[in-house]
Amino acid sequence: MTEQILSKTYRFQLKKVKIQTKWNVFPLKEFVNLQNGFAFKSADYVESSNVLNFRQANIRLKGVLDLDYKKTFLPDNFSEKYKDFVLKDGDIVIAMTDMNSDLNLLAIPTIFKNTSRTTFLLNQRVGKFINFKLDKIIPSYLNSILKSEISRTQLRNLGFGSVQFNLSKTDLLNFKIPLPTLDIQQKIVDEIEVLEKQEQDLQNIILTHKEHINTSLETLFNKATKSVRLSDTDIFETKIGKRVLKSEISNQGKYPVYSANVFEPFGFINKELLTDFSTSSVVWGIDGDWMVNVIPANIPFYPTDHCGYLRIKQPIAKARYIAYCLDKEGKQIGFSRTKRASIDRIEGIKIPLPTMAEQEKVDVEIENLENEITEFEKQIAEIPKQKEAILKKYLE
């Protein structure tokens with residue numbers, strides 16, 4: 001007797017909302033069509049070429065385009081063989097699949113912009129809007145309205161699947177949006193483009209600041225006059241956290257919990273593991289993608305058994321500099337999900353040390369830049385709300 005196991009497929013249901021608008025609403029199929037990508041096979045991939053596969057993973061959170069993410073190359077002759085799938089500047093593409101149950105990527109659109117000389121071919125589970133009726137809709141307006149929070153909630157409700165959530169072409173083209181007159185659409189587009197320009201300017205400043213920080217740390221690294229091992233218990237304390245049960249995680253918890261991702265807590269907890277936070281902590285992910293972060297002094301946190309932490313016991317090094325060295329060395333060693341950054345391996349690392357005076361000078365400079373970055377990121381975080389306000393002003 002055999003047992004048949006069925007994969008359960010279901011629709012993802014969020015709180016239902018309705019667009020409040022003074023304009024008539026129409027399904028997308030009234031003024032646009034959708035082209036699905038081609039199912040390229042992994043056997044088609046080559047080591048390097050001038051043709052890249054544009055996958056769902058190239059569309060990041062909030063519709064950010066990332067053409068450098070995990071590049072997969074296809075043969076050069078594919079640009080002609082599959083010319084119907086070549087992406088052009090200005091094409092609006094949309095993610096039709098999401099592997100995460102929060103569906104933050106499903107149905108996210110973005111405008112394709114290619115700054116390189118490479119050709120990108122549209123992969124399966126990514127759609128491209130085609131055949132716009134330009135006497136009815138401005139493409140950039142469609143991009144903006146689909147990114148709006150109310151549209152996002154409705155579109156996520158259309159997702160179906162079990163492990164992988166999908167959005168069908170039919171469901172997407174039947175999705176209804178408000179359709180104001182072209183002059184109102186253009187006003188919406190113009191005002192949103194002003195905000196997007198502000199956001200891009202801030203992102204560029206942040207990128208410049210981060211490059212400056214990295215250059216300063218690299219210069220400091222090259223000024224080292226001696227070295228110490230992280231195994232020196234007179235200078236360093238290196239430990240790993242403890243396992244956290246799912247039942248212990250609470251959104252109302254007091255302390256952020258860090259696991260292999262040391263930049264974003266995956267939840268909060270009410271119990272303590274550490275009691276002294278008078279010094280900064282250098283934290284690293286033990287068995288995930290290699291990453292290192294600094295949690296400043298006086299900020300309590302809870303590390304799991306997938307997170308290591310290091311503290312400096314003597315005034316001979318700054319946490320930011322140690323984190324830079326640890327990150328640099330970890331990349332050279334090749335720490336990853338399969339090559340764990342265990343305590344033994346971490347303690348075997350030797351850190352070059354410049355003078356404390358030089359470290360302190362650079363540390364103050366970096367702190368000022370990081371404070372500016374934090375302020376710019378706060379401004380960027382407000383921009384989606386400002387975009388929603390523009391849509392509300394013209395559509396309701």
Q) Does the pair Y258 and Y302 meet the rule for a ring pair (Phe, Tyr, Trp, His ring centres under 6.0 Å), with working shown? A) CA-CA 6 Å; Y258 288 92; Y302 193 107; over 10 Å; no
Q. Where do Y45 and F40 land on the ring pair (Phe, Tyr, Trp, His ring centres under 6.0 Å) test, with the steps shown first?
A. CA-CA 8 Å; Y45 296 161; F40 296 105; 8.2 Å; no
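In the hydrophobic cluster analysis, where Ile, Leu, Val, Met, Phe, Trp and Tyr join through side-chain heavy atoms closer than 4.5 angstrom, I390 is grouped together with L142.
Contact of the I316 side chain with the M356 side chain is not registered, since no non-hydrogen atoms from C-beta on lie closer than 4.5 Å.
Geometrically, R60 engages Y69 in a cation-pi contact defined by less than 6.0 Å to the ring centre and at most 45° from the axis. In this structure, R156 forms no cation-pi arrangement with F165, as its terminal cationic atom is not both closer than 6.0 Å to the ring centre and no more than 45° off the ring axis.
With respect to E191 and K387, no salt bridge is recorded, no charged nitrogen being found less than 4.0 Å from a carboxylate O. Salt bridge E382/K385: present, at least one basic N to carboxylate O contact under 4.0 Å.
Nearest heavy-atom pair across I59 and V126 is CD1-CG1, 4.3 Å. Between A39 and Q124 the shortest heavy-atom distance is CB-OE1, 3.5 Å.
Of the inter-residue distances, the one linking I351 atom CD1 with I235 atom CD1 reads 11.0 Å to the nearest 0.5 angstrom.
For F301 and Y255, the ring centers sit 6.0 Å or farther from each other.
When the shell of 6.0 Å around NZ of K169 is examined, it contains more than 12 heavy atoms from other residues, nucleotides or ligands.
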